[in-house]
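Please read all numbers here as calculations on a predicted model, not as lab measurements. Letters A, B, ... are given to chains in the order of the sequence lines, protein chains preceding strands, and every chain is numbered from 1.
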There are 4 protein chains.
Amino acid sequence: MNQPTTAPIKSRRVAATEPKLPASEELTKSKRIVLSAALELFAANGYGSTSIRDIAQRANMKSSSLYNHYKSKEDILATLIEIGHIELFRRLRAAVVNAESAAASQLKAFIAANVRSQAEYPMLAVVVNHELHELGKKHIGPAMTLRAQSVELFLDILEKGKAEGVFNTPHPPSLAASAIGAMCSRIAEWFTPEHEQTIEKIESAHVDYALNIVGFNQ
Amino acid sequence: MNQPTTAPIKSRRVAATEPKLPASEELTKSKRIVLSAALELFAANGYGSTSIRDIAQRANMKSSSLYNHYKSKEDILATLIEIGHIELFRRLRAAVVNAESAAASQLKAFIAANVRSQAEYPMLAVVVNHELHELGKKHIGPAMTLRAQSVELFLDILEKGKAEGVFNTPHPPSLAASAIGAMCSRIAEWFTPEHEQTIEKIESAHVDYALNIVGFNQ
Amino acid sequence: MNQPTTAPIKSRRVAATEPKLPASEELTKSKRIVLSAALELFAANGYGSTSIRDIAQRANMKSSSLYNHYKSKEDILATLIEIGHIELFRRLRAAVVNAESAAASQLKAFIAANVRSQAEYPMLAVVVNHELHELGKKHIGPAMTLRAQSVELFLDILEKGKAEGVFNTPHPPSLAASAIGAMCSRIAEWFTPEHEQTIEKIESAHVDYALNIVGFNQ
Amino acid sequence: MNQPTTAPIKSRRVAATEPKLPASEELTKSKRIVLSAALELFAANGYGSTSIRDIAQRANMKSSSLYNHYKSKEDILATLIEIGHIELFRRLRAAVVNAESAAASQLKAFIAANVRSQAEYPMLAVVVNHELHELGKKHIGPAMTLRAQSVELFLDILEKGKAEGVFNTPHPPSLAASAIGAMCSRIAEWFTPEHEQTIEKIESAHVDYALNIVGFNQ
DNA sequence: CATGAATGAGAGTTCATTCAT
DNA sequence: GATGAATGAACTCTCATTCAT
């Protein structure tokens with residue numbers, strides 16, 4: 001018999017097939033296996049449509065064994081969502097910090113980092129964006145904090161560009177933030193490494209879109 | 001005692017509080033009540049997290065009574081999603097048909113109609129966008145067809161603009177379609193009639209964003 | 001095949017074999033069947049050792065059907081315990097009210113009623129005495145109230161007898177109450193209608209024991 | 001930080017807070033720790049409501065470590081129940097043996113020893129009385145033997161007193177045995193060293209009660 | 001049309017126990 | 001002796017659905 005649980009899952013929610021997780025996290029091997037299995041299933045089918053037994057099967061365990069590593073199904077989702085938020089915010093902040101100080105440079109760096117995150121961890125991004133609401137109040141705190149920080153960082157850049165006189169738009173920044181956030185998030189849903197557009201082109205396009213939206217002149 | 005089930009539902013998925021449905025549909029009163037209840041719950045909590053009993057309670061019925069009106073829970077979702085797609089496509093097509101024939105005019109009309117749809121039926125839009133994947137193959141056909149038609153209509157406009165020489169962008173049209181589609185869809189998640197931006201301003205902003213993205217000159 | 005679930009259950013906790021319930025309660029037929037099944041099993045094996053499936057099987061239902069009648073396993077226990085307390089307290093109070101007003105007469109009536117209750121509903125008595133602690137705070141209120149009323153009623157009689165000068169004992173009333181309560185409760189554990197002692201003799205003996213304990217003279 | 005598991009457990013089943021065990025037994029330190037932890041939990045919450053993990057936690061171990069000391073959860077209960085029965089019977093027999101030979105003296109000694117046992121090891125007594133039925137046939141033998149011996153010893157005293165002409169009662173001895181046994185056992189449920197009645201007074205009262213019940217003259 | 005009751009399937013979770021380390 | 005991990009079995013309970021009334 002061949003490996004029973006490794007076939008990719010067909011899904012209309014995410015085109016990617018690899019449940020990729022950031023490497024850095026200090027996770028035991030078992031925890032990673034469980035998270036990967038859950039990530040793939042949550043991304044493809046949703047949290048509610050994934051049973052603890054599904055996860056266990058894909059992780060080559062029995063369902064009761066999962067509880068040696070995570071306290072509950074929700075705990076698994078919370079871990080994934082926290083990892084996703086941490087990774088995204090780390091990248092966004094690093095990008096801005098390392099960019100030249102001009103607002104336009106910072107915006108470019110910010111968008112590029114965002115696009116790359118969506119493309120590199122598409123399943124994680126989909127789960128973060130679509131399943132956040134499944135988390136109860138006890139689990140949602142850390143994610144909301146990081147999310148708020150990302151938004152703030154973005155709005156700060158917009159304001160700075162306005163002050164510099166390089167971002168000119170008659171429309172309120174909150175609308176730009178919503179629109180730009182949405183268009184980046186969407187990438188995770190259709191991107192795969194085999195996509196006909198290279199990631200560089202996708203990045204470049206979205207940087208341009210964002211600059212246009214914020215009214216960047218020259 | 002006041003009506004027991006009419007209090008709005010707190011949700012992180014949608015800001016709107018009214019489960020508004022297009023008026024036109026030929027629906028019995030009972031069917032509308034059921035659909036409204038389901039719409040509200042699906043939008044707020046998701047299809048998987050909404051039980052048939054939840055819907056029944058909110059519709060002031062017992063769960064078994066639902067089956068006098070719909071064949072299954074999935075049938076209710078399919079109906080909602082079909083209504084949403086029909087309404088959206090009807091508006092998009094009408095907008096384009098009634099617009100002046102210039103590509104830019106058509107694009108403006110298309111985006112405006114899209115934005116208005118999201119704002120007028122935010123719950124329906126959220127359900128359409130987030131719960132489509134819960135539909136099995138038997139139910140998904142009509143929605144997919146309409147969805148494809150909308151995309152085609154949009155891409156036709158882009159191509160026409162290119163041919164006219166008014167849309168100039170180095171980036172592929174599929175990326176523009178994704179970005180513009182995403183930013184319009186997102187509106188449904190945060191818009192309410194009480195939002196600080198009027199719907200006119202939101203429409204105007206998104207029309208501008210879209211024109212920028214497709215590289216409209218003059 | 002003969003009826004599959006009607007055989008009595010062997011138990012070291014209760015000798016009785018009939019899960020008898022007071023007739024008066026306004027209970028649907030289904031509710032009574034469930035309660036009887038649960039009573040028998042709780043009395044014989046304990047609440048913790050009885051599964052919801054055991055109850056269902058003995059009630060000739062599927063386990064999920066139980067939930068059409070009771071909200072939870074604990075709800076079933078709470079109902080039984082409340083019925084038991086109500087019945088016992090009703091009998092105690094009626095006995096005292098109908099007795100002659102002399103303290104000794106009231107005590108005799110009180111003890112006789114208590115003994116009869118234990119003998120008539122032995123399973124209910126055993127469950128009430130042994131499983132009360134399984135009830136969470138939400139369910140325990142009514143039972144505790146009735147229990148406290150019974151104790152108070154008993155202590156009032158003791159005090160009255162003391163005041164009348166007919167109950168003379170150097171020992172505190174709380175000890176008498178504990179001892180008498182214990183010896184009555186114990187009856188439920190071994191009594192059956194087939195017991196070699198008639199219920200009249202058992203009643204008479206315990207009345208005498210109680211009178212002796214409270215130091216009744218003449 | 002202080003020891004995490006030493007706080008007493010709230011319980012409606014037993015008022016005592018110390019899981020006291022007879023000193024004599026030849027038990028390793030670890031075994032005693034496990035037994036104490038189990039005793040406290042079984043007394044407070046019942047055998048069925050206590051998990052092996054609960055016991056381990058209270059014994060500052062992991063659950064798998066318990067199995068280095070006891071073969072099973074039931075083995076722990078069986079050990080406790082055997083210790084309880086041995087201790088009680090040893091005391092009862094010693095009391096009778098050391099008493100003067102008159103039946104009344106023997107009865108007094110027997111009751112006094114019984115009361116003292118309940119008061120000195122209340123948790124053990126509660127577990128012995130309430131959880132005996134959880135033991136399977138394989139484990140119950142020793143306890144039943146000792147229990148039978150205690151009853152026999154008691155009935156022998158009653159008979160002797162009858163023969164001596166000092167115990168006169170119209171009621172059968174089995175009823176007296178039941179009543180007296182019940183009232184002594186009950187003590188374990190409410191006694192604590194801080195109780196407002198001293199153990200001497202409690203003992204004296206129950207000796208009197210017993211003498212009254214068996215119809216002691218003079 | 002409405003509903004109380006029934007039910008098979010399956011949910012998430014806990015359990016006592018085993019075993020390799 | 002201690003323990004992290006694994007696991008089969010069982011748990012209570014919820015689910016969507018059916019059907020007789």
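- Annotation: side chain of D:L132 is in contact with side chain of D:M144 (closest heavy-atom distance under 4.5 Å).
- In this structure, A:N68 and B:E74 both approach DNA chain F, and ranking their closest nucleotides by distance from the 5' end singles out A:N68.
- Side-chain contact between B:R58 and B:I9 is present, with heavy atoms from C-beta onward closer than 4.5 Å.
- Shown here, E:dA20 forms a base pair with F:dT3; the pair counts as Watson-Crick or G-U wobble because both key distances fall under 3.5 Å.
- Side-chain N/O atoms of D:K73 include one lying less than 4.0 angstrom from OP1 or OP2 on E:dA16.
- At a threshold of 4.0 angstrom between heavy atoms, the contacts of B:S64 include nucleobase atoms, whether or not backbone atoms are also involved.
- Closest-nucleotide positions on DNA chain E for B:M61 and A:G48 were compared, and the one nearer the 5' end corresponds to B:M61.
- One interatomic measurement links the two molecules: NE2 of B:H69 to P of F:dT17, which rounds to 15 Å at whole-angstrom precision.
- The distance between atom CZ of B:R53 and atom C1' of E:dA6, rounded to the nearest whole Å, is 11 Å.
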Please assess C:R13 against C:E131 for the test salt bridge (Lys or Arg N to Asp or Glu O under 4.0 Å), listing each intermediate value before the final yes or no. CA-CA 12 Å; C:R13 293 179 95 211; C:E131 307 297 344; 2.8 Å; yes
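- Mapping C:S63 and B:T50 onto DNA chain F by nearest heavy atom places C:S63 at the nucleotide closer to the 5' end.
- Under the Watson-Crick or G-U wobble criterion, with both distances below 3.5 Å, F:dG8 is paired with E:dC15.
- Side-chain contact check for B:Y47 versus B:K73: some heavy-atom pair is nearer than 4.5 Å.
- Protein atom NZ of C:K31 is 12 Å distant from nucleotide atom C1' of E:dA5, rounded to whole Å.
- Nucleotide E:dT13 holds its P atom 10 Å from the CD1 atom of A:I55, rounded to whole Å.
- The OH-P distance, from C:Y67 to E:dA11, rounds to 17 Å in whole Å.
- For F:dT3, one of the phosphate oxygens OP1 or OP2 lies less than 4.0 angstrom from a side-chain nitrogen or oxygen of D:S65.
- Nucleotide E:dG12 holds its P atom 10 Å from the CD1 atom of A:I76, rounded to whole Å.
- Proximity of B:L21 to B:L80: side-chain heavy atoms (C-beta onward) are separated by under 4.5 Å at one or more points.
- Map B:S30 and D:I52 each onto its nearest nucleotide of DNA chain E; the residue landing nearer the 5' end is B:S30.
- OP1 or OP2 of F:dA16 has not a single side-chain nitrogen or oxygen of B:S72 nearer than 4.0 Å.
- Rounded to whole angstrom, the span from the OH atom of A:Y70 across to the C1' atom of F:dA5 amounts to 15 Å.
- As a whole-Å value, the separation of A:D54 CG from E:dG12 C1' is 12 Å.
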